[in-house]
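I have placed the structure first, in the form of C-alpha cells, so that the comments after it can refer back to it.
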Amino acid sequence: MIRTLLLSTLVAGALSCGDPTYPPYVTRVVGGEEARPNSWPWQVSLQYSSNGKWYHTCGGSLIANNWVLTAAHCISSSRTYRVGLGRHNLYVAESGTLAVSVSHIVVHPDWNSKLSEGNDIALLKLANPVSLTDKIQLACLPPAGTILPNNYPCYVTGWGRLQTNGALPDVLQQGRLLVVDYATCSSSGWWGSSVKTNMICAGGDGVISSCNGDSGGPLNCQASDGRWEVHGIVSFGYILGCNYYHKPSVFTRVSNYNDWINSVIANN
C-alpha cells in the first residue's frame, strides 16, 4: 500500500504538477497560435537520429522525472530516440533546455498498429532523471476513469504542421479544442465505429485540429483546482486532412490507462 501511494504521487506529480511557472495564454481564439514560451513545461519533443542529426517526430509529456508519455505509433524499433525538454523553438539554442537519451521503451501490449483499435500509448524511460526547473515540469494525470463532458475546453500543443501538407513551425503551437463526447463522436457522420471508449475526441469544427508532427503530444485540460491535466495523447485524424468538419482529432484517453502507467513505472 505504501509503495502504491508513493508511486501515485510520483506519477501524478501530486506535489508539483500541472502548474506552470509561466501560465499559458488561454483564449477563445479560432485557429492555432504560438504558445507562450515554456507555458506547457511538460511538453517534450521526441526526436530520432538519422545520419548524425536529430529530427523531431512526435510530442510527449513528462510525467515523472525520468518517464515520458507518448503514442505507441510514434515508436519504431529501428530508431534511436532522445527527448528534448524545456524547448520552445526547436531550431535555436535556448537556455535551460535538455536533450536526454531514451534508455527503455514500453509500448502497450495491446497495441497492434491499427489506430482505430486504440491502446496507442507508450512510455519512454529517460537515461538520466531530470531536475525540474521553471522550464521543465511534470504533467498531472487525470484521476482514473475520468470522462470529460461534451464541449469541455482543452488545448492541444505541439510542433505539428500548421495545416494539411503545410509547414512545420519552429515554435510550439497551441490550439483550443472542445471535447466531443463519445455518443456524438461515434455516431454516423462523425467518426462512427473508428472511435472507441478508450479514446477522446476534441475539435471537429473544421478550423483547428492536431496535425502531422503533433502525435504523442498532450491534450491539456484544466481541472477545477486550476491545475492542468493531460487527458489525451494525440493519436489520429482524418486521412484526407487535418481540419475536416465533424472529424475531430482523436486522442488516447489517459484516464483509461492509469493502472498500466503505474505498473510500467513500478516494474521498470
Side-chain angles (χ1 to χ4, degrees), residues 12-13 17-43 59-61 63 69 71 137-163 169 171-187 190-191 195 197-211 214-238 242-258:
C17 72
D19 186 18
T21 300
Y22 311 103
Y25 296 136
V26 290
T27 67
R28 295 179 179 272
V29 67
V30 175
E33 59 184 337
E34 180 179 343
R36 181 186 186 184
N38 307 117
S39 60
W40 307 103
W42 45 87
Q43 170 86 48
S61 303
I63 62 168
L69 187 67
Q137 296 173 22
L138 301 183
C140 295
L141 301 187
T146 302
I147 304 291
L148 294 174
N150 198 52
N151 287 327
Y152 197 94
C154 298
Y155 284 81
V156 62
T157 51
W159 290 275
R161 296 190 186 278
L162 299 176
Q163 60 187 29
V171 298
L172 186 68
Q173 303 288 306
Q174 66 180 42
R176 184 176 187 266
L177 301 179
L178 300 182
V179 169
V180 179
D181 64 21
Y182 174 73
T184 302
C185 197
S186 62
S187 65
W190 289 70
W191 272 110
V195 165
T197 57
N198 57 11
M199 304 173 186
I200 299 177
C201 299
D205 60 1
V207 178
I208 184 168
S209 71
S210 59
C211 204
D214 289 325
S215 290
L219 181 67
N220 305 284
C221 309
Q222 198 165 23
S224 59
D225 64 1
R227 294 191 304 173
W228 291 92
E229 298 172 338
V230 173
H231 277 260
I233 302 166
V234 178
S235 183
F236 65 91
Y238 196 41
C242 297
N243 303 309
Y244 268 70
Y245 187 61
H246 283 187
K247 288 294 184 288
S249 302
V250 183
F251 303 80
T252 302
R253 180 167 64 82
V254 174
S255 66
N256 189 68
Y257 296 94
N258 293 58

Y152: which residues meet the ring-ring contact (aromatic ring centres under 6.0 Å, His included) condition with it, sequence neighbours left out?
none
Quick check: do [X] and [Y] have side-chain heavy atoms less than 4.5 Å from each other?
X	Y	answer
I63	L138	no
S235	F251	no
I200	H231	yes
V230	L219	no

Could you pull out all residues at least two apart from [X] that satisfy side chain to side chain contact (heavy atoms under 4.5 Å, CB included)?
X	answer
S39	P24, A35, R36
P37	H88
A223	D225, E229
T197	Y182

Exercise: do [X] and [Y] side chains pair donor with acceptor under 3.5 Å:
X	Y	value
Q43	T157	yes
Q137	T21	yes
Q173	E33	no

Under 3.5 Å, is there a donor-acceptor pair between the side chain of [X] and the main chain of [Y]?
X	Y	value
D181	N150	no
S255	T146	yes
K247	W190	yes

What distance separates [X] [atom1] from [Y] [atom2], expressed to the nearest 0.5 Å?
X	Y	atom1	atom2	answer
I233	Y257	CD1	OH	8.5 Å
C140	Q222	SG	CD	11.0 Å
H246	C201	NE2	SG	12.0 Å
D19	R227	CG	CZ	8.0 Å

Y155, W42, W40 screened by side chain to side chain donor-acceptor pair (under 3.5 Å) with N220, the one that passes:
W42
Checking W228 now: which residues fulfil side-chain hydrogen bond (donor to acceptor under 3.5 Å, both in side chains) with it, not counting sequence neighbours?
none
side-chain contact (heavy atoms from CB on, under 4.5 Å) with L148: which of C154, P153, P142?
C154
Which is it for W159 and L172 under the side-chain contact (heavy atoms from CB on, under 4.5 Å) test, yes or no, and what are the steps along the way?
CA-CA 5 Å; W159 290 275; L172 186 68; 3.7 Å; yes
Considering non-hydrogen atoms only, spot the tightest contact between M199 and V195 and give its length.
SD-CA, 3.9 Å
Closest approach of P248 and G203, non-hydrogen atoms and distance?
CB-C, 3.5 Å
Verdict with reasoning, N198 to T252, per side-chain contact (heavy atoms from CB on, under 4.5 Å)
CA-CA 6 Å; N198 57 11; T252 302; over 6 Å; no
